[in-house]
Amino acid sequence: MENILNLISEHREMIYFVVLSVFVGVEVIGGVPTVLHTPLMSGANAIHGVVIVGAIYVMLNVDPTNIAALILGFLAVLLGTLKCSGRVCGN
Amino acid sequence: MKSSLLEISYLIGSVTFILGLKMMGNPKTARKGNLIAAGGMILAILGTIFLFEKHDHMGVVDTSFVVPGMVYGLIFGAIGLGTVVGWLTAKRVQMTKMPELVSMFNGMGGACAALIGLMEYQHYLGETGALSAIIAGMVIGSVSFSGSVIAYLKLNGTMKKPLRLPQYNILNTVVMISVVAFGAWVVYASPDNMTILYALFFAALIYGILFTIPIGGADMPVVSSLLNSFTGLAAAFGGFLYDNKIMLTGGILVGSAGTLLTLIMCKAMNRPLSNAIFGAFPGGGATAEREIAGNIKDINISDTAVLMNYSKKVVIVPGYGLAVAQAQHVIHELEMILEERGVSVKYAIHPVAGRMPGHMNVLLAESNVSYDKLVEMEDINPEFSSTDVVLVVGANDVVNPAAHNDPASPIYGMPILDVENAAHIIVNKRSMSAGYAGIENELFFNPKTSMLFGDAKDVLAKLVTELKSL
């Protein structure tokens, strides 16, 4: 419990981020007519391809002798890229 | 120095995401918005690769750490391969396949998040806070991955019938609670044992499958959108873990936007979210067996052409059949010929026509139909009573009057296009089979309705030739 509370106070900046981002997300989508939902969904899809940044970060930190981690990391970066490139070109 | 530059590249990236998403909300700027967000993404990716500095747990830069060239090789290899494959897939895919594609790529994002969790777990043993972010990201990513794969199979028709295990509602809830409890225990006990972590990973995958298989076809768009926002959440957990602001903004932005989008879709179908997920369309149950009295009337191409040629106002209702037949170009041709003859032509777009909200708009925009010809349901419904001919092309459930007058029907209460108010209704279908929701349509038995059987592209092409000769 104390751990969790510590985590929250340590990351309060991030928590502000989360809360404000939620509002931004709602605000941005709020007024969009239904007719644009497909392009929008596909755009949103490309954006959370940002998970690739995490994959690359992990990959850069990885211990090069750990083959399993290297394989997983390679797959993660590959999947992340597939997602971004597929979506962006798809539009 | 490097870290500050990286932070700045992330800041710019986050701003482009918000701007891009905002611009995608308008047909005129959508393409540009997409490019802007993509630019921000590329900046963030390059920044992450080239401005990387290893930090220890206290946040101090470890200058002695050099990333081996092999790792860079793997990263660039993966990016190169991913770009080529992703690009080729997206180029080759037809507009009809767009919903499947969105689902598939969404699954990849989920898988990516799950793999990050698998790799990072052992580095954070004993740190409850970080572990909760890792485990949450991994579980949500896995659920979203396996769920998206099932959604993909359903959307492309490989998996047709919703599969319901006995008591699937209770079963799913139990499995969900167990996965959550298992995850919480892993965070709490933080066992140094990868087998347990893999067990959790597979449990989450299984839950994703169980969650998606009972859901009926018509509800699939809602589920894809929901899974989309899940993946966003998984990315956001990653951001939390690494104090990485761009992952956090991107993830949360998509998470909240996706959730809102899901709710809007549910509203368009007049179904509470819980109903779409747990209730599912009974898919054929009692109503399918209900006999509809009346006769089906056929009409041939030349009569249709004459009828349309001498109308004042024609409304076209496009549906999934149009997309399957790839008839968007020929329907645009038909529209232009009629317009030349002084007939007013509009397209009536139901919010969930096709397999995804807005599917028809993307499809018709592809063949250069102007955006102001596409009229949303609320605006077109009052106009049907002054319409001479309604041409329904490959749409079914969205024009089924049972939504208004049959309380036993699974789609009862869903807002529909009130085409029955028009003077003539011509329905183009390949056969008499039921729509995606698996239910009969009494519209076809309406005395005002004539059926024009055949493949949409074929029939419309013949109709265009016939009209030209008039």
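Note: hydrogens, waters and symmetry copies are ignored here, and every other heavy atom, side chains too, is used. Residue numbers begin at 1 in each chain, while the letters A, B, ... track the order of the sequences.
One finds the CG atom of B:L115 at 12.5 Å from the CZ atom of A:F74 (value rounded to the nearest 0.5 Å). For the atom pair B:E120 CD and A:N61 CG, the distance stands at 7.0 Å (nearest 0.5 Å). Distance CH2/B:W87 to CG/A:L82: 14.5 Å, rounded to 0.5 Å. Taken from CD in A:E27 to CG in B:L21, the straight-line distance is 12.0 Å, to the nearest 0.5 Å. Rounding to the nearest 0.5 angstrom, the gap separating the CE atom in B:M108 from the OG1 atom in A:T81 is 11.0 Å. In this structure, the separation between CG on B:L253 and CG on A:L20 is 12.0 Å, given to the nearest 0.5 Å.
Within the 4.5 angstrom heavy-atom criterion, only side-chain atoms of B:M41, from C-beta onward, approach chain A. Only the backbone of B:A130 has a heavy atom closer than 4.5 Å to any heavy atom of chain A.
Nearest heavy atom pair, residue A:S21 against residue B:S256, reads O-OG, 3.8 Å. A:L78 approaches B:A78 most closely through the heavy-atom pair CD1-O, 3.4 Å.
Between B:F52 and A:Y57, the angle of the ring planes goes over 60°, which puts this pair in the perpendicular group of the 30/60° scheme.
Comparing B:S225, B:A111, B:A37 by heavy-atom pairs within less than 4.5 Å of chain A, the highest count is held by B:S225. Ranked by heavy-atom pairs under 4.5 Å with chain A, the list B:N244, B:L88, B:T89 is led by B:N244. Listed options A:L72, A:V50, A:V24, A:L79 were ranked by heavy-atom pairs under 4.5 angstrom with chain B; first place goes to A:V50.
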Audit row: B:T231, A:V51, side chain to side chain contact (heavy atoms under 4.5 Å, CB included) steps and yes/no = CA-CA 9 Å; B:T231 315; A:V51 71; 5.9 Å; no
Derivation of the side chain to side chain contact (heavy atoms under 4.5 Å, CB included) call for A:I56 and B:I79 = CA-CA 10 Å; A:I56 294 174; B:I79 292 179; 4.1 Å; yes
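With contacts defined as side-chain heavy-atom distances shorter than 4.5 Å, the pair A:L70/B:M70 qualifies. Considering only heavy atoms from C-beta on, B:I75 comes within 4.5 Å of A:L60 through its side chain. Using a 4.5 Å heavy-atom cutoff, the side chains of B:Y242 and A:V53 are not in contact.
No more than 12 heavy atoms of other residues, nucleotides or ligands sit less than 6.0 Å from atom CZ of A:F23.
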